[in-house]
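Bear in mind that the values here come from a model prediction, so they are computed numbers and not experimental data. Because only heavy atoms are used, hydrogens play no part in the values below, and waters and symmetry mates are left out as well, while side chains stay in. In what follows, chains carry the letters A, B, and so on, assigned in the order in which the sequence lines appear, proteins first and then strands, with residues in each chain numbered from 1.
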Amino acid sequence: MLRSNNCGELRINDLNSQVSLCGWVHHIRDLGKLLFIDLRDRYGTTQIYFDANNKPELYQSAKKLGREYVIHVIGTVRERSNKNPKMPTGDIEIDVDTLKVLNTSEIPPFTIEDDTDGSEEMRLQYRYLDLRRNVMKDTMIFRHKLNLSIRNFLSEKGFLEIETPFLIKSTPEGARDFIVPSRLNPGNFYALPQSPQLLKQLLMFAGMDRYFQIVRCFRDEDFRADRQPEFTQLDCEMSFVEQDDILNLFEDMMRYLFRNLLDIDLPIFPRLTYKEAMETFGSDKPDLRFDMPIINLSDTLKGKGFKIFDNSEYIGGLLLINQPDVSRKQIDKLTEWVKNPQVGGSGLAYVRLVDNEIKSSITQFFSNDFLQNLMKSINASNNDTLFIISGNRNKSLEILGNLRLHLAKQYQLIQKNIYKPLWVIDFPMFDWDEENHRFTSSHHPFTSPLLSDIELLDSNPSLARSNAYDMVMNGAELGGGSIRIHDKFLQKKVFKLLNLTDQEAEDKFGFFLKALDYGAPPHGGIAFGIDRIVAVMLGLNSIRDVIAFPKNNMGRDLMMQAPAPVTADQLKELHLKIQ
RNA sequence: GGUCCGGUAGUUCAGUUUGGUUAGAAUGCAUGCCUGUCACGCAUGAGGUCGCGGGUUCGAGCCCCGUCCGGACCGCCA
């Protein structure tokens with residue numbers, strides 16, 4: 001061992017002991033004749049010093065050190081004459097007797113500080129330096145503890161962690177697959193799993209009863225701050241269960257994780273149906289950290305002679321409470337934002353109470369008394385602003401949902417460090433794909449419909465609800481799952497509704513349909529995005545900050561410069577030609 | 001596939017509105033001074049392909065076109 005202690009553990013009761021430490025030169029403070037260095041490793045920082053009067057030669061060697069040099073020192077623990085209460089090791093320092101440079105370092109391109117001056121591009125390119133920063137290091141430690149807690153909790157509950165293959169078969173539904181050419185089978189390709197969905201179901205068929213896996217998943221789709229091409233799932237499946245069993249167990253797990261890792265007691269998770277979530281929050285992953293439900297104004301505002309409202313399928317509003325500074329300029333800006341093609345609204349009306357007088361963009365069409373009564377009916381007070389969106393029902397709800405988040409951000413309605421979990425249940429079984437004129441699964445094709453809605457598969461599939469559920473926290477979808485289909489005829493019926501012919505179903509899922517013939521138990525499960533859980537728990541906006549070596553938003557690894565071309569020989573071996 | 005924002009010193013940015021002398025700041029770096037610092041302090045200094053290519057102009061960091069790179073979002077992500 002090169003060291004007797006790490007850089008985070010020495011305290012006042014270690015006084016006068018001989019110690020040997022290794023670490024990186026974090027800060028150098030040369031006062032002339034006296035030189036201090038903060039020596040850093042994963043565990044902390046310890047101050048070492050060199051005194052020119054007592055040890056002139058050592059002092060001269062220390063003068064040659066630079067930032068991020070790796071050094072080994074042997075010395076004695078001394079009490080500081082000036083203590084630093086901000087550091088855990090701030091009562092002591094090391095009087096160095098021996099200094100050895102283990103490695104030199106170039107000047108790092110950005111500072112290794114919590115509040116670094118490095119751009120994200122630099123941080124990704126020099127990720128090994130970025131990970132030296134406390135915040136990144138602590139995130140990695142947190143993530144390790146999370147994984148460990150998950151394993152402990154689920155193992156305790158009888159789950160087995162079973163590995164599933166990465167080289168599998170491409171499936172037609174869902175995200176675009178990453179494909180891997182097979183050298184031994186010319187013209188044939190593996191696909192990397194978008195998730196181990198069918199494999200975990202097959203493990204249930206195999207009688208494993210309770211399975212989980214912390215596993216990488218791959219989806220070849222475009223990126224976002226919360227989406228990477230490879231990401232980590234906590235994948236779970238259970239046999240002989242109903243929806244309640246899964247919701248209760250994984251709600252318990254989440255509570256366990258928050259208690260263990262953050263010392264926070266989560267409340268009971270409210271359960272909202274998809275319909276309620278959409279009608280109240282305009283989103284299937286509502287952020288409950290702030291109030292401001294959508295108010296349905298269709299009945300109140302329609303048929304009063306204002307054409308735009310009268311011709312609308314739906315009118316909804318949001319009440320922004322007690323914001324005296326909402327200016328005309330701000331409202332114009334919000335209107336512009338709503339009309340932005342990415343939001344897709346056609347306009348934004350408002351009614352405001354200032355000094356208990358009505359200020360509104362629709363005074364030409366509605367009397368002052370009417371608007372006063374409208375505000376009274378929704379319990380609005382002075383300095384409250386009602387924003388109104390009208391038009392197609394679903395589109396308007398979506399816009400209101402976006403506007404709700406936009407207002408919360410703009411007026412800082414979201415408290416820091418609070419967690420608002422919920423379940424969203426009763427999703428529609430299918431979404432209608434306008435482009436291809438067919439149904440797609442809103443969850444996935446193996447999701448069971450609600451028992452009560454099975455008949456709707458024949459009579460009106462678009463109304464059928466599935467036995468699927470999402471766990472949502474702070475406006476992020478942390479996980480989702482469903483009770484699966486274990487009956488072959490039902491599975492075939494669903495395939496048919498998804499426009500898969502018998503032949504296609506057989507080609508793609510034949511192995512799975514066959515397995516359903518051999519005593520498949522009722523089962524269901526759920527999968528969580530580990531990256532998102534870590535990001536939400538730590539209050540981070542981007543999952544790139546919780547992944548050791550993430551890709552940028554073009555799918556490139558800026559550090560190793562992947563993807564990259566391969567040699568002609570490699571292509572030939574794989575029977576591939578580049579167009 | 002699309003919309004928007006950005007690219008200027010090692011790094012983070014200002015300068016672009018209204019084209020005009022030698023392109024600035026902070027930090028980092030180098031050198032010197034300094035015995036109790038902990039974001040040490042003070043002084044001096046070095047450091048620039050204004051992403052790249054083309055155009056307009058007497059003159060372009062600034063205007064126009066193209067392109068590359070980075071970021072946010074829409075589509076997409078069962």
* Hey, is Glu221(A) close enough to Arg227(A) for a salt bridge, meaning N to O under 4.0 Å? -> no
* **Pairs meeting criterion ring pair (Phe, Tyr, Trp, His ring centres under 6.0 Å) with involvement of residues 495-515 of chain A, two or more places apart** => Phe205(A)-Phe512(A), Phe446(A)-Phe509(A), Phe446(A)-Phe512(A), Phe495(A)-Phe509(A)
* Under a 4.5 Å cut-off applied to non-hydrogen side-chain atoms, are Ser441(A) and Leu498(A) in contact? -> yes
* Asked: Which part of the nucleic acid, if any, lies within contact of Ala225(A), taking any heavy atom under 4.0 Å across all strands shown: a base, the sugar-phosphate backbone alone, or nothing?
  -> sugar-phosphate
* Ionic contact status for Asp30(A) with Lys63(A), cut-off 4.0 Å -> yes
* Which of residues 109-119 of chain A sit near RNA chain B, with a heavy atom under 4.0 Å from it? -> Pro109(A), Asp117(A), Ser119(A)
* Asked: So does Arg219(A) reach the base of rC76(B) with its side chain, donor to acceptor, closer than 3.5 Å?
  -> no
* Asked: Is the phosphate of rC29(B), meaning OP1 or OP2, less than 4.0 Å from a side-chain N or O of Arg67(A)?
  -> yes
* Mind checking ring pair (Phe, Tyr, Trp, His ring centres under 6.0 Å) for Phe50(A) and listing every partner two or more places apart, or none if nothing turns up? => none
* **salt bridge (Lys or Arg N to Asp or Glu O under 4.0 Å) involving Arg289(A) - partner list, sequence neighbours excluded** => Asp287(A)
* Asked: Under 4.0 angstrom, heavy atoms only, what part of the nucleic acid is Arg123(A) near: base, sugar-phosphate, or nothing?
  -> nothing
* Asked: Taking only residues two or more places apart in sequence, or in another chain, which ones meet Glu79(A) in a salt bridge (Lys or Arg N to Asp or Glu O under 4.0 Å)?
  -> Lys83(A)
* Asked: Roughly how many Å is it from NZ in Lys285(A) to C1' in rC77(B), rounded to a whole number?
  -> 11 Å
* **Any Asn552(A) side-chain nitrogen or oxygen under 4.0 Å from OP1 or OP2 of rG71(B)** => yes
* Asked: Just how far, in rounded Å, is P of rU37(B) from CD1 of Ile28(A)?
  -> 18 Å
* For the pair Lys285(A) and Glu477(A), find out whether any cationic side-chain nitrogen is under 4.0 Å from an anionic carboxylate oxygen. => no
* Under the side-chain hydrogen bond (donor to acceptor under 3.5 Å, both in side chains) rule, what pairs show up with a residue in residues 489-500 of chain A, not counting sequence neighbours? -> Asp458(A)-Lys493(A)
* **Whole angstrom value for the distance that separates C1' of rC38(B) from CG of Leu39(A)** => 14 Å
* Look at all strands and tell whether Ser195(A) reaches a base, only sugar-phosphate, or nothing, counting heavy atoms closer than 4.0 Å. => base
* Structure fact -> From CE of Met87(A) across to C1' of rU37(B) the rounded distance in Å is 11 Å
* In the structure shown, which nucleotide is the Watson-Crick or G-U wobble counterpart of rU3(B), with both distances under 3.5 Å? -> rA72(B)
* To do: Please state the C1' separation for the pair rG53(B) and rU27(B) - nearest whole angstrom.
  => 33 Å
Show me the donor-acceptor pairs within less than 3.5 Å that the side chains of residues 36-43 of chain A make with the rest of the protein, sequence neighbours left out.
| unit_1 | atom_1 | unit_2 | atom_2 | d |
| --- | --- | --- | --- | --- |
| Asp38(A) | OD1 | Arg29(A) | NH2 | 3.0 |
| Asp38(A) | OD2 | Arg29(A) | NH1 | 3.0 |
| Arg40(A) | NH1 | His26(A) | ND1 | 2.8 |
| Arg40(A) | NH1 | Glu68(A) | OE2 | 3.1 |
| Arg40(A) | NH2 | Glu68(A) | OE1 | 2.9 |
| Asp41(A) | OD1 | Cys7(A) | N | 3.4 |
| Asp41(A) | OD1 | Tyr43(A) | N | 2.8 |
| Asp41(A) | OD1 | Gly44(A) | N | 3.2 |
| Asp41(A) | OD2 | Cys7(A) | N | 2.9 |

* Asked: Using purine N1 to pyrimidine N3 plus N6-O4 or O6-N4 for Watson-Crick, or N1-O2 and O6-N3 for G-U wobble, both under 3.5 Å, which nucleotide pairs with rU37(B)?
  -> none
* Asked: Is there a donor and acceptor pair, one atom on the side chain of Arg80(A) and one on the base of rC38(B), closer than 3.5 Å?
  -> yes
* Contacts of type salt bridge (Lys or Arg N to Asp or Glu O under 4.0 Å), residue Lys275(A), not counting sequence neighbours -> Glu279(A)
* Whole angstrom is fine here: how far is it from CD in Glu120(A) over to C1' in rC13(B)? => 18 Å
Close N/O contacts between protein and nucleotides 42-46 of chain B (under 3.5 Å):
none

* Any pair counted as side-chain hydrogen bond (donor to acceptor under 3.5 Å, both in side chains), so long as it reaches residues 522-535 of chain A, sequence neighbours left out -> Arg143(A)-Asp531(A), Gln201(A)-His523(A)
* Measure from the side-chain heavy atoms of Glu93(A) and tell me the nearest of rC76(B), rG36(B), rG70(B). => rG36(B)
* Asked: Looking only at side-chain N and O atoms, does His27(A) come under 4.0 Å of OP1 or OP2 in rC40(B)?
  -> yes
* Among rC77(B), rC38(B), rG36(B), which nucleotide sits nearest the side chain of Tyr49(A)? -> rG36(B)
Measure all distances between protein nitrogen or oxygen atoms and nitrogen or oxygen atoms of nucleotides 1-7 of chain B, and list the pairs falling under 3.5 Å.
| unit_1 | atom_1 | unit_2 | atom_2 | d |
| --- | --- | --- | --- | --- |
| rG1(B) | O6 | Asp222(A) | OD2 | 3.3 |
| rG2(B) | N2 | Gln342(A) | NE2 | 2.7 |
| rU3(B) | O2 | Gln342(A) | NE2 | 3.0 |

* Measure the distance from CE on Met122(A) to P on rG51(B) and round it to the nearest whole Å. => 15 Å
* For Leu31(A), answer base if it contacts any base atom (sugar-phosphate contacts may also be present), sugar-phosphate if it contacts only those atoms, and nothing otherwise; contact means non-hydrogen atoms under 4.0 Å. => base
* Asked: Which part of the nucleic acid, if any, lies within reach of Leu35(A) when heavy atoms closer than 4.0 Å are counted: base, sugar-phosphate only, or nothing?
  -> nothing
* Structure fact -> Closest of rG71(B), rU11(B), rG36(B) to the Asn82(A) side chain is rG36(B)
* **For Arg219(A), all residues meeting salt bridge (Lys or Arg N to Asp or Glu O under 4.0 Å), sequence neighbours excluded** => none
* Separation of Asp545(A) atom CG from rG71(B) atom C1', in whole Å? -> 13 Å
* **N or O in side chain of Arg227(A) less than 4.0 angstrom from rG75(B) OP1/OP2** => no
* To do: Please tell me which of the listed nucleotides, rG71(B), rA39(B), rU37(B), lies nearest to the side chain of Lys86(A)?
  => rA39(B)
* Asked: For Arg78(A), which contact category applies under a 4.0 Å heavy-atom criterion: base, sugar-phosphate, or nothing?
  -> nothing
* Proximal nucleotide (of rC29(B), rG71(B), rU37(B)) relative to the Leu124(A) side chain -> rG71(B)
* **Pair partner, rU44(B) [Watson-Crick or wobble, under 3.5 Å]** => rA30(B)
* Rounded to whole angstrom, note down the P distance from rU18(B) over to rA25(B). => 27 Å
* Phosphate OP1/OP2 of rC34(B): any Arg29(A) side-chain N/O under 4.0 Å -> no
* Asked: Is Arg11(A) salt-bridged to Asp14(A), going by a charged N under 4.0 Å from an acidic O?
  -> no
* Structure fact -> In whole angstroms, the gap separating P of rG36(B) from CD of Glu79(A) amounts to 18 Å
* Structure fact -> Any strand, both distances under 3.5 Å, Watson-Crick or G-U wobble: rU67(B) pairs with rG51(B)
* Before giving the answer on side chain to side chain donor-acceptor pair (under 3.5 Å), spell out for Asp235(A) and Tyr211(A) the whole-Å C-alpha distance, their side-chain angles and the decisive distance to 0.1 Å. => CA-CA 8 Å; Asp235(A) 194 45; Tyr211(A) 143 94; 2.9 Å; yes
